[in-house]
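All residue numbers in this chain count up from 1 along the given sequence. Values in this document were obtained by computation on a predicted structure and should not be read as measured data.
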Amino acid sequence: MKCAAAAYPLDPLTRFADFEAKITAWVAEAADRGAEIAIFPEYGAMELAHLAGPSVAADLEGSLRAVSDIWPEADALFSRLAVQHGLALLAPSAPIFDQDYGLRPVNRACIYGVQGRIGHQDKQIMTRFEREIWHVQSGGPLQVFDLGDLRVGVLICYDAEFPLLARALVEAGVDLLLVPSCTDSGAGYWRVRVGAMARALEGQCAVLQSPTVGQVAWSPAVDENHGAAAIYGPAEAGFCDNGVFAEGAMNKPGWVMADIDLGRLRDLRQNGTVLTRRDWPESAARTALVPQVKDLP
């Protein structure tokens with residue numbers, strides 16, 4: 001399976017037609033290069049805020065609501081493109097005000113297959129900025145998405161730093177984890193990257209990381225963006241020695257692509273040099289033997 005992860009820059013677009021043209025070109029390029037699944041980053045949809053005007057885009061709360069309001073049009077666009085090009089897409093995540101989860105937005109990434117929209121994944125654990133400034137909520141639970149004979153899970157940025165979230169998806173049979181990210185520093189990018197690579201190692205699965213990149217002076221929400229798109233796998237001799245199938249240059253926009261042999265990936269879980277996916281329960285059982293320490297400072 002050929003996979004594609006976008007390092008995606010945000011632009012000050014003024015009409016929805018401009019957004020449509022931009023996304024259409026990006027998806028067409030991925031499809032023309034043979035991608036069967038392509039993913040966009042966390043909060044990549046924040047460029048939609050500029051459609052409501054510079055003053056709205058410059059206001060944090062106003063920009064969140066503007067993106068949520070116009071998202072149904074973007075949702076329909078991604079659905080059409082997935083069907084048109086016959087590939088699976090993870091759209092850039094967006095702040096969505098969903099009445100089912102109260103008065104504050106969730107951070108939601110929608111996924112599409114060759115038949116159109118399949119569903120969505122809400123971010124599970126918020127960063128400090130989301131929690132304390134944006135007041136973003138956790139939304140719905142983890143989901144597993146079936147794409148033919150492939151099962152996919154989504155861990156949005158910070159979620160990739162929590163092993164138990166990935167473990168729940170691995171235990172549900174996921175082969176591919178999608179990690180859209182948005183980080184405002186090199187350190188933030190490396191935290192998510194190290195988490196993504198660790199999840200690939202532990203779960204003996206493939207992981208796609210797609211970041212926002214570039215400076216966005218007109219948005220207080222996503223003003224600085226650092227990262228590199230990459231595709232990771234388990235470190236296994238003759239398969240993916242260093243755990244990196246493919247990676248792009250830091251802060252360079254564009255697609256990063258790699259072919260992943262799903263059959264061989266699954267075989268590693270039975271016949272690999274190590275069997276981390278199989279042996280996980282053993283590690284959990286051993287933690288019960290750690291003595292309880294009281295009166296910690």
d(His120 NE2, Asp75 CG) to nearest 0.5 Å is 10.5 Å
Any chance the rings of Phe162 and Tyr158 have centres within less than 6.0 Å? yes
For the atom pair CG (Leu164) and CH2 (Trp280), what is the distance rounded to the nearest 0.5 Å? 6.0 Å
Interatomic distance, Ile260 atom CD1 to Cys240 atom SG [nearest 0.5 angstrom]: 8.5 Å
Mutual orientation of the aromatic rings belonging to Tyr112 and Phe78 [parallel < 30°, tilted 30-60°, perpendicular > 60°]: parallel
Rounded to the nearest 0.5 Å, how far apart are CH2 of Trp71 and CZ of Arg108? 10.5 Å
How far does OG of Ser138 sit from NZ of Lys123, to the nearest 0.5 angstrom? 10.0 Å
Which pairs count as side-chain hydrogen bond (donor to acceptor under 3.5 Å, both in side chains) when at least one residue sits in residues 10-22, sequence neighbours excluded? Tyr8-Lys22, Asp11-Lys22, Thr14-Asp18, Arg15-Asp18, Glu20-Arg80, Lys22-Glu47
Short question: side chain of Arg117, backbone of Ser79 - any donor-acceptor pair under 3.5 Å? no
Is Asp279 salt-bridged to Arg269, cutoff N-O under 4.0 Å? no
Counting only N and O atoms by type, is there a donor-acceptor contact under 3.5 Å from the side chain of Asp146 to the main-chain atoms of Gly148? no
Does Glu236 form a side-chain hydrogen bond (donor to acceptor under 3.5 Å, both in side chains) with Thr273? I'd like the steps, not just the answer. CA-CA 7 Å; Glu236 182 76 22; Thr273 305; 2.6 Å; yes
So does Gln270 have more than 12 non-hydrogen atoms from other groups sitting under 6.0 Å from CD? no
Should the pair Arg193-Glu247 be classified as a salt bridge under the 4.0 Å nitrogen-to-oxygen rule? yes
Charged N to carboxylate O under 4.0 angstrom, Glu171 versus Arg277? no
Please step through side-chain hydrogen bond (donor to acceptor under 3.5 Å, both in side chains) for the pair Tyr189 and Gln209, ending with a clear verdict. CA-CA 10 Å; Tyr189 156 70; Gln209 183 181 1; 5.1 Å; no
Side-chain donor-acceptor pair under 3.5 Å between Asn107 and Glu130, yes or no? yes
Check whether Glu36 reaches the backbone of Leu87 with its side chain - one donor and one acceptor, N or O, closer than 3.5 Å. no
What's the separation between atom CG in Leu10 and atom CG in Asn225, rounded to the nearest 0.5 Å? 6.5 Å
Would you call Glu282 and Arg286 a salt bridge, taking side-chain N to carboxylate O under 4.0 Å as the test? no
Check: Pro41 main-chain N/O paired with Ser181 side-chain donor or acceptor under 3.5 Å: no
Distance-only, no hydrogens or angles: does the Gln121 side chain make a donor-acceptor pair with backbone N or O of Pro141 under 3.5 Å? yes
